[in-house]
Amino acid sequence: MSLSSVWYITKETGRNLIHNAWMTLASVSTVAISMFVLSFFLVLTVNMNHVTSVLQSQVEMRVFIKAHVPRAQEMALLAHAEHWPGVRKIQFFTKQQAAAQLKKEFPNQQDLLTLISKSNPLFDGYNVYTENPQQIPGLAKRFDHEKIVHNVVYEGQVVNRLSRLSVVLKWVGWGIEFLLGLATLFIIVNTIRLAVFARRREVAVMKLVGATDWFIRWPFVLEGLALGLVGAVVADIVVAQGYHWLLVEASNALPFWPMAPFQQVMHKTLDFTLIGGLLVGGLASLVALRRFLRV
């Protein structure tokens with residue numbers, strides 16, 4: 001492509017964007033809103049996955065023994081379970097030790113402390129540490145089948161719920177994004193159609209004198225790409241500023257909550273929004289031009 005052709009295409013792209021200023025603004029705004037919603041669900045999904053990963057690395061299992069089980073049976077199960085595949089370490093604790101731990105963790109809960117002091121309702125049990133968090137559900141089922149076991153508690157139940165919620169959020173986000181994508185596509189298509197309609201005679205003459213379809217298409221395709229790109233950039237700026245503010249506020253209000261790092265979140269959102277904006281803008285351009293290139 002010659003330098004003069006490149007200059008012509010660039011000039012015509014700018015002319016189209018300025019000539020239809022209101023439709024250009026509407027298109028950019030719609031793309032920005034659409035990409036912002038996509039980014040919102042991406043931020044939620046990335047953080048849910050991050051929290052799930054952190055919790056999985058900290059998961060331990062507690063096995064509680066039924067009341068009035070002889071200590072010899074408790075020790076026999078302990079010795080047996082130490083050799084189960086996946087068990088890294090297992091520690092026995094008495095209900096008196098469990099009560100002392102509760103008193104240490106909740107010194108201001110007077111009702112709870114009084115109840116424990118009068119009649120300790122807790123159980124003996126084991127703290128079980130595994131080589132891999134994914135092994136916990138299988139080990140929990142194995143402990144459940146033991147006759148002396150009262151119940152098994154592990155934070156992996158929370159992890160599983162978070163994982164399922166993350167999947168639901170992802171699909172809800174894609175569903176909403178699909179609907180917003182259609183709306184964005186519709187507005188950009190009509191923006192470009194207005195530009196093409198205003199110059200339909202010029203397009204027809206260019207076709208008659210031998211201009212190729214792609215030579216005619218390029219200014220309008222670049223217009224669509226520009227609309228999609230600018231809208232995506234606007235959304236990314238808003239998301240970046242908003243997430244940075246959220247990280248600062250969360251570190252002050254909830255210092256124990258594991259928020260996903262800024263770079264990790266923005267890397268994910270930038271990839272999706274910029275590619276999404278360009279795809280929507282380019283596709284809208286091609287759809288808008290189909291009818292007008294028939295002479």
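Remember, predicted model here, so these are calculated numbers, not experimental data. Hydrogens, waters and symmetry mates play no part in the numbers below; they use all other heavy atoms, side chains included.
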Check: If you measure from the Lys or Arg side-chain nitrogens to the Asp or Glu carboxylate oxygens, is any gap between Arg71 and Asp124 under 4.0 Å?
Finding: yes

Checklist line | Those residues that, when tested against Asp236, pass side-chain hydrogen bond (donor to acceptor under 3.5 Å, both in side chains) (two or more places apart) | finding: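 Partners of Asp236 under the side-chain hydrogen bond (donor to acceptor under 3.5 Å, both in side chains) test: Thr273.
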
Between [X] and [Y], is there a shared hydrophobic cluster once you connect ILVMFWY residues whose side-chain heavy atoms come closer than 4.5 Å?
{"X": "Val248", "Y": "Val239", "value": "no"}
{"X": "Val69", "Y": "Met75", "value": "yes"}
{"X": "Leu229", "Y": "Leu279", "value": "no"}
{"X": "Val238", "Y": "Met266", "value": "yes"}

Give me the atom names and distance for the closest heavy-atom approach of [X] to [Y].
{"X": "Pro85", "Y": "Arg142", "result": "CD-NH1, 3.8 Å"}
{"X": "Ala81", "Y": "Phe143", "result": "CB-CZ, 3.7 Å"}
{"X": "Met259", "Y": "Ala250", "result": "CG-CB, 4.1 Å"}
{"X": "Ala235", "Y": "Ala32", "result": "CB-O, 3.4 Å"}

If you define the side chain from C-beta out and look only at heavy atoms, does anything of [X] sit under 4.5 Å from [Y]?
{"X": "Val87", "Y": "Thr130", "result": "no"}
{"X": "Met61", "Y": "Val152", "result": "yes"}
{"X": "Glu146", "Y": "Val63", "result": "no"}
{"X": "Asn127", "Y": "Ile90", "result": "no"}
{"X": "Pro137", "Y": "Tyr154", "result": "yes"}
{"X": "Phe92", "Y": "Glu74", "result": "yes"}
{"X": "Arg62", "Y": "Val128", "result": "no"}

Report the distance from atom [atom1] of [X] to atom [atom2] of [Y], rounding to the nearest 0.5 Å.
{"X": "Leu247", "Y": "Glu249", "atom1": "CG", "atom2": "CD", "answer": "10.5 Å"}
{"X": "Thr94", "Y": "Ile65", "atom1": "OG1", "atom2": "CD1", "answer": "12.5 Å"}
{"X": "Phe64", "Y": "Ile148", "atom1": "CZ", "atom2": "CD1", "answer": "14.0 Å"}
{"X": "Leu44", "Y": "Ser39", "atom1": "CG", "atom2": "OG", "answer": "11.0 Å"}
{"X": "Asp144", "Y": "Lys141", "atom1": "CG", "atom2": "NZ", "answer": "9.5 Å"}
{"X": "Gln91", "Y": "Glu82", "atom1": "CD", "atom2": "CD", "answer": "10.5 Å"}

Checklist line | side chain to side chain contact (heavy atoms under 4.5 Å, CB included) evaluation trace for Phe40 with Tyr243 | finding: CA-CA 10 Å; Phe40 175 78; Tyr243 192 68; over 6 Å; no

Check: According to the salt bridge (charged side-chain N to carboxylate O under 4.0 Å, His left out) rule, which pairs have a member within residues 84-97, sequence neighbours left out?
Finding: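 Pairs touching residues 84-97 that pass the test: none.
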
Item checked: Plane angle bin for His244 and Phe262 - parallel if under 30°, tilted between 30 and 60°, otherwise perpendicular -> perpendicular

Notebook entry, point to check: Ignoring hydrogens and geometry, is there a side-chain-to-backbone donor-acceptor pair from Asn47 to Ala260 under 3.5 Å?
Noted result: yes

Item checked: Short side-chain to backbone donor-acceptor contact, Lys66 and Lys147, under 3.5 Å ->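 Judged by distance alone, yes, a pair lies under 3.5 Å.
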
Margin query: For Leu77 and Tyr126: C-alpha separation, side-chain torsions, deciding distance, then whether side chain to side chain contact (heavy atoms under 4.5 Å, CB included) applies.
Written below: CA-CA 10 Å; Leu77 177 57; Tyr126 316 116; 3.5 Å; yes

